Amino acid sequence: MAKGQLTYLQLTNRVLQRLGRPQLTSANFAGVASDSWGGLTKDALNDAQRCLYAEHDWSTLKTSGTFTTSSRTYDLSASFSDFGRELDLADTTNNKVLDPVDQQDIDREDPGQLNSGDPWRYSINYPDLFFNRTPTAVAFRLRYLKRPATLSVEGSTTDLPEQCDLVLVHWVVWQFESTREDADDHGKAAWMVYLRELDMAKRQDTRRMDRIYAPRSAFPSRLRAVVPYPSTYDREGNW
């Protein structure tokens, strides 16, 4: 949880405030009727999480895990129950990264699934991970994006980055505004606000990752004044 991140209760009340509806308290949050404005907002915030998850490879959702298998088809649900989509799959036994392909490509290559050895191609149709060869006790590292955990209790916070809090709020407001009979613009203004907040959140998250992977100088600081750097290098380790 980031220091300034909004809780499930706070997110719900931010939406209700914008819609001009009564806000919830800690005392009535859990028992609010599912067909009330509060209940509908709570459900919609989880829908918003699922929608935002598909919009971008959010940095806070990136994770990894390892497994060893001798099976042609590996069940990911046993070790990766929060799996969303893969980033890459590496064979750590043989120090190589496998190529992702369509399952039909693997079927065309080896329709009888008779070939064995170290695989170099794979396909995922969750929960099944298919290899183009049957490995023998090969260790793998799977880097992937996890799915955000469902918001459930009042103190829950989203697994998405802190800058997505307002994006979640505006997504729900947009959904409600687009279905209200008294909304003259059918939610178009709310939609534009949502898109602006989403774009800002994506750019902030991208900048965060850029800072993580920024090249750093290998020279001691006392030598930076005498080393000939390219004109685009700022002598502090940044391009």
Side-chain angles (χ1 to χ4, degrees), residues 1-5 8 46-106 109 113 115-152 156-165 167-168 198 201-216 218 237-239:
M1 174 182 176
K3 184 175 181 180
Q5 200 159 19
Y8 193 13
N46 277 307
D47 291 339
Q49 273 201 142
R50 288 187 284 271
C51 231
L52 261 66
Y53 159 77
E55 288 282 357
H56 180 70
D57 289 350
W58 301 103
S59 59
T60 57
L61 301 182
K62 293 181 179 180
T63 187
S64 65
T66 59
F67 63 96
T68 301
T69 184
S70 297
S71 300
R72 183 69 172 261
T73 301
Y74 180 77
D75 182 4
L76 290 173
S77 63
S79 305
F80 305 94
S81 59
D82 60 353
F83 177 85
R85 56 182 181 269
E86 83 270 19
L87 298 173
D88 64 53
L89 178 64
D91 173 349
T92 56
T93 298
N94 299 292
N95 195 30
K96 63 182 180 182
V97 176
L98 279 67
D99 295 324
V101 296
D102 189 272
Q103 185 179 341
Q104 289 181 320
D105 293 333
I106 295 178
E109 177 186 329
Q113 298 189 4
N115 296 332
S116 60
D118 298 331
W120 67 88
R121 306 167 83 193
Y122 74 96
S123 177
I124 293 179
N125 182 17
Y126 191 83
D128 295 325
L129 187 156
F130 304 98
F131 294 108
N132 70 322
R133 294 284 188 275
T134 302
T136 302
V138 175
F140 297 95
R141 181 188 64 242
L142 176 64
R143 297 193 189 278
Y144 65 100
L145 290 177
K146 64 181 182 180
R147 291 186 174 276
T150 300
L151 297 169
S152 55
S156 299
T157 55
T158 179
D159 292 328
L160 296 165
E162 180 183 351
Q163 60 263 28
C164 285
D165 283 354
V167 187
L168 293 171
L198 174 62
K202 289 164 69 173
R203 285 189 282 112
Q204 288 170 6
D205 195 59
T206 300
R207 284 200 298 270
R208 176 180 182 275
M209 296 309 296
D210 286 346
R211 287 195 296 272
I212 291 175
Y213 295 111
R216 302 295 175 186
N238 301 310
W239 288 97

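Remember, it's a predicted structure, so these values are computed and weren't measured experimentally. Each residue takes its place number in the sequence, starting with 1.
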(Q) Pair Ile106, Arg72 - check side-chain contact (heavy atoms from CB on, under 4.5 Å), show working. (A) CA-CA 11 Å; Ile106 295 178; Arg72 183 69 172 261; 4.3 Å; yes
Margin query: Applying side-chain contact (heavy atoms from CB on, under 4.5 Å) to Gln5 and Thr158, what does each step give before you reach the verdict?
Written below: CA-CA 8 Å; Gln5 200 159 19; Thr158 179; 3.4 Å; yes
| said: Is any side-chain heavy atom of Asp159 closer than 4.5 Å to one of Thr60? | reply: no
Of all heavy-atom pairs linking Asp165 and Gly4, the shortest is OD2-O, 4.4 Å
One should read off an interatomic distance between Leu151 CG and Gln49 CD, to the nearest 0.5 angstrom, of 4.0 Å
Taken to the nearest 0.5 Å, the spacing of Gln204 CD from Cys164 SG works out to 9.0 Å
Shortest non-hydrogen pair, Val167 vs Ala201, comes out as CG2-CB, 3.8 Å
Check your understanding: With a 4.5 Å heavy-atom cut-off, do Leu142 and Leu76 have their side chains touching?
Key -> yes
> Is any side-chain heavy atom of Asp75 closer than 4.5 Å to a side-chain heavy atom of Ser77?
Replying inline: yes
- Message: Could you check whether any side-chain heavy atom of Lys96 comes within less than 4.5 Å of a side-chain heavy atom of Asp118, counting everything from C-beta outward?
- Response: yes
query: Should Leu145 and Trp58 count as side-chain neighbours, where that means a heavy-atom distance under 4.5 Å?
result: no
Is any side-chain heavy atom of Thr69 closer than 4.5 Å to one of Pro135? yes
side-chain contact (heavy atoms from CB on, under 4.5 Å) assessment of Asn46 paired with Tyr8: CA-CA 10 Å; Asn46 277 307; Tyr8 193 13; 3.5 Å; yes
**Message:** Determine whether the aromatic ring centres of residues Phe140 and Phe131 are separated by less than 6.0 angstrom.
**Reply:** yes
One should read off an interatomic distance between Phe67 CZ and Leu129 CG, to the nearest 0.5 angstrom, of 5.5 Å
Nearest heavy-atom approach of Ser123 to Asp102 is OG-C, 3.8 Å
Should the pair Tyr144 and Phe80 be assigned to parallel (<30°), tilted (30 to 60°) or perpendicular (>60°) ring geometry? perpendicular
Charged N-O contact under 4.0 Å between Arg50 and Asp47: yes
Rounded to the nearest 0.5 angstrom, the CG-CG distance for Asp99 and Asp88 is 11.0 Å
Is any side-chain heavy atom of Asp91 less than 4.5 Å from a side-chain heavy atom of Leu98?
yes
Heavy atoms of Glu86 and Pro100 approach each other most closely as OE2-CB, 4.4 Å
- Using the side-chain contact (heavy atoms from CB on, under 4.5 Å) rule, take Arg85 and Asp57 through it: C-alpha gap first, then chi angles, then the decisive distance, then the call. CA-CA 9 Å; Arg85 56 182 181 269; Asp57 289 350; 2.9 Å; yes
Self-check item: Close side-chain approach of Trp120 to Arg133, heavy-atom, < 4.5 Å
Solution: yes
